[in-house]
There are 2 protein chains.
Amino acid sequence: MILKNQNEWALHCCSVLSWVPPERYLSTKALAEFHDVPKEYLSKALQALSQAGIVEGTLGPSGGYRLARKPSDITFLDIVEAIEGKGSTFACTEIRKNNPCRTAKHCDNKPCAVARVMWEADAAWRNTLRGVRLSDLAKTLKETVPADLLEKTGAWVVDRT
Amino acid sequence: MILKNQNEWALHCCSVLSWVPPERYLSTKALAEFHDVPKEYLSKALQALSQAGIVEGTLGPSGGYRLARKPSDITFLDIVEAIEGKGSTFACTEIRKNNPCRTAKHCDNKPCAVARVMWEADAAWRNTLRGVRLSDLAKTLKETVPADLLEKTGAWVVDRT
DNA sequence: CTTCCCACGGATATAAAATATCCTTAAATT
DNA sequence: AATTTAAGGATATTTTATATCCGTGGGAAG
Ligand code: FES
Ligand code: FES
């Protein structure tokens with residue numbers, strides 16, 4: 001099991017979009033060029049983010065995407081769930097029901113103990129993602145990425161909005 | 001992203017194998033019949049558990065598998081990692097390196113901040129799984145599964161060892 | 001010693017999901 | 001009116017998951 005590469009793209013795109021000045025937009029083309037990924041496929045990820053209400057798009061020249069909310073209101077989980085979906089990573093097929101010793105009277109009012117553990121682990125994963133916001137990421141980047149690169153990148157983005 | 005169904009099979013198989021009396025074995029055939037899953041494919045999961053040192057198999061009639069360690073020495077993580085592998089669920093493709101503003105002198109001594117968060121979430125997932133042992137599962141089952149079903153199931157297993 | 005049962009592992013087939021491209025539509029800008 | 005762009009449907013390609021098949025050799029039982 002491995003997460004889709006769309007996650008990495010979407011997370012980095014949201015990070016880039018936080019450079020976009022208010023009332024302006026950055027196009028899919030620019031985002032695809034910046035990350036060197038296929039534009040048409042990246043478009044699908046951005047559409048998912050749009051449907052999730054994380055970014056908003058507008059048409060026409062000078063159109064594109066921008067964040068729909070403040071970076072402090074967008075968590076990693078929001079973005080990952082827009083790409084991967086909200087369903088648990090563990091799918092219980094109720095294999096326990098195949099136990100040949102079971103009779104019809106054995107009802108399953110409680111979920112399987114195995115599934116409960118797996119779902120708990122899934123929740124722990126999501127909780128970690130929920131605990132990190134886009135604003136936290138920006139702060140970390142400021143501390144770890146060379147200032148000149150950050151500056152140039154910001155200019156590059158603003159230049160195309 | 002969804003975990004393989006082998007995980008559910010392997011976890012339930014380990015649970016069943018904890019019924020096996022010392023010095024005896026339960027065959028793949030019996031495990032497949034018990035869970036109503038294809039024997040040949042289940043065999044692959046059991047081989048993975050065997051290679052991970054969670055179960056041990058023996059050949060010949062009256063052969064099969066049994067747990068290689070005490071249930072209190074086997075965690076959910078051991079089993080899941082035997083099936084899914086130990087690698088992180090998030091694959092970073094170093095997309096940041098495609099930033100057109102980068103120059104050769106920008107080295108990446110530290111991993112990307114995005115990847116660090118995703119790996120932290122992966123670690124949280126694994127930590128939860130590491131925190132539950134097969135012995136804990138047995139205890140939970142004792143509390144939630146009707147006593148008569150547990151007893152019949154145990155007898156079914158012993159009958160085939 | 002012979003026969004049968006079994007784990008083990010390689011090879012292959014099928015189904016499903018991820019990745020990627022193509023194309024049409026309609027809205028916003030110039 | 002012409003151009004740029006998001007939106008989304010359709011389709012193709014690649015990879016992974018699921019499943020089956022078969023050969024090998026070890027171990028138990030007669
Ligand atoms: S029946 Fe699905 S995890 Fe137990
Ligand atoms: S470069 Fe891979 S997550 Fe940032």
Side-chain angles (χ1 to χ4, degrees), chain A residues 1-10 13 17 20 23-33 35-66 68 80 82-85 87 89-91 93 95 160-161, chain B residues 1-10 13 17 20 23-33 35-66 68 80 82-85 87 89-91 93 95 160-161:
Chain A
M1 179 206 63
I2 196 121
L3 291 167
K4 313 194 218 188
N5 59 8
Q6 301 263 49
N7 287 284
E8 188 180 13
W9 301 3
C13 280
L17 287 176
V20 174
E23 306 304 319
R24 310 202 66 170
Y25 298 87
L26 188 64
S27 71
T28 304
K29 192 178 156 207
L31 284 165
E33 184 190 341
H35 294 113
D36 191 27
V37 296
K39 182 179 90 119
E40 306 281 357
Y41 191 34
L42 174 63
S43 170
K44 302 295 182 190
L46 294 168
Q47 283 172 38
L49 292 175
S50 176
Q51 282 208 293
I54 295 164
V55 305
E56 55 191 8
T58 194
L59 300 178
S62 84
Y65 291 100
R66 69 181 174 202
V80 170
I83 302 297
E84 291 287 338
T89 53
F90 177 79
T93 64
I95 201 182
R160 272 145 240 254
T161 56
Chain B
M1 179 207 64
I2 197 121
L3 292 166
K4 312 195 218 186
N5 59 10
Q6 302 261 52
N7 287 284
E8 187 180 13
W9 300 3
C13 280
L17 286 177
V20 173
E23 305 304 318
R24 311 202 65 172
Y25 299 88
L26 188 63
S27 72
T28 304
K29 192 178 158 208
L31 284 166
E33 182 190 343
H35 294 113
D36 191 26
V37 296
K39 179 179 91 113
E40 305 281 357
Y41 191 34
L42 174 63
S43 170
K44 301 295 183 189
L46 293 169
Q47 282 173 40
L49 293 175
S50 175
Q51 280 209 295
I54 296 165
V55 304
E56 54 190 9
T58 194
L59 302 176
S62 82
Y65 291 100
R66 69 179 175 204
V80 170
I83 302 297
E84 292 287 337
T89 53
F90 178 77
T93 65
I95 201 181
R160 269 145 243 255
T161 56

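Predicted, not measured: the structure shown is a model, and the values here were computed from it. Letters A, B, ... are given to chains in the order of the sequence lines, protein chains preceding strands, and every chain is numbered from 1.
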- Query: Nearest heavy-atom pair of B:Lys39 and B:Ala32: which atoms, and what distance?
  - Reply: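 Shortest heavy-atom contact: CA-CB, 3.6 Å.
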- Query: What is the minimum heavy-atom distance between A:Gly53 and A:Ala68, and which atoms define it?
  - Reply: O-CB, 3.5 Å
For the pair made of [atom1] in [X] and [atom2] in [N], what is the distance, rounded to whole Å?
| X | N | atom1 | atom2 | result |
| --- | --- | --- | --- | --- |
| A:Arg24 | D:dA6 | CZ | P | 15 Å |
| B:Leu17 | C:dA7 | CG | C1' | 14 Å |
| A:Ile54 | D:dA6 | CD1 | C1' | 17 Å |
| B:Tyr25 | D:dG26 | OH | P | 16 Å |
| B:Leu31 | C:dC6 | CG | P | 12 Å |
| B:Ile2 | D:dT15 | CD1 | P | 22 Å |
| A:Gln6 | C:dT21 | CD | C1' | 13 Å |
| A:Leu59 | C:dT30 | CG | C1' | 15 Å |

- Sub-4.0 Å heavy-atom contacts from residues 35-50 of chain B onto DNA chain D, ordered by number: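 Close to the strand are B:Pro38, B:Glu40, B:Tyr41, B:Lys44.
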- So, is A:Asn5 near the phosphate of C:dA18, with a side-chain N or O under 4.0 Å from OP1 or OP2?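 For A:Asn5, the contact criterion (side-chain N or O under 4.0 Å from OP1 or OP2 of C:dA18) is not met.
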Rounded to the nearest 0.5 Å, what separation is found between the [atom1] atom of [X] and the [atom2] atom of [Y]?
| X | Y | atom1 | atom2 | value |
| --- | --- | --- | --- | --- |
| A:Glu23 | A:Arg66 | CD | CZ | 5.0 Å |
| A:Asp36 | B:Ile95 | CG | CD1 | 8.5 Å |
| B:Leu31 | B:Arg160 | CG | CZ | 11.0 Å |
| B:Leu3 | A:Thr89 | CG | OG1 | 4.5 Å |
| A:Leu17 | A:Ile54 | CG | CD1 | 11.0 Å |

- Toward the 5' end of DNA chain D, which comes first, B:Trp9 or B:Thr58, by nearest nucleotide?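 Nearer the 5' end of the strand: B:Trp9.
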- Task: Starting from the 5' end of DNA chain D, give me the residue, B:Ser62 or B:Glu84, whose nearest nucleotide shows up first.
- Result: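 Looking at the nearest nucleotide for each, B:Glu84 comes out on the 5' side.
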- With respect to the side chain of B:Lys4, which nucleotide from D:dA17, D:dA28, C:dA20 is positioned closest?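 Nearest to the side-chain atoms of B:Lys4, counting from C-beta on, is D:dA17.
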- How do B:Met1 and B:Gln51 order along DNA chain C: which one's closest nucleotide is nearer the 5' end? B:Gln51
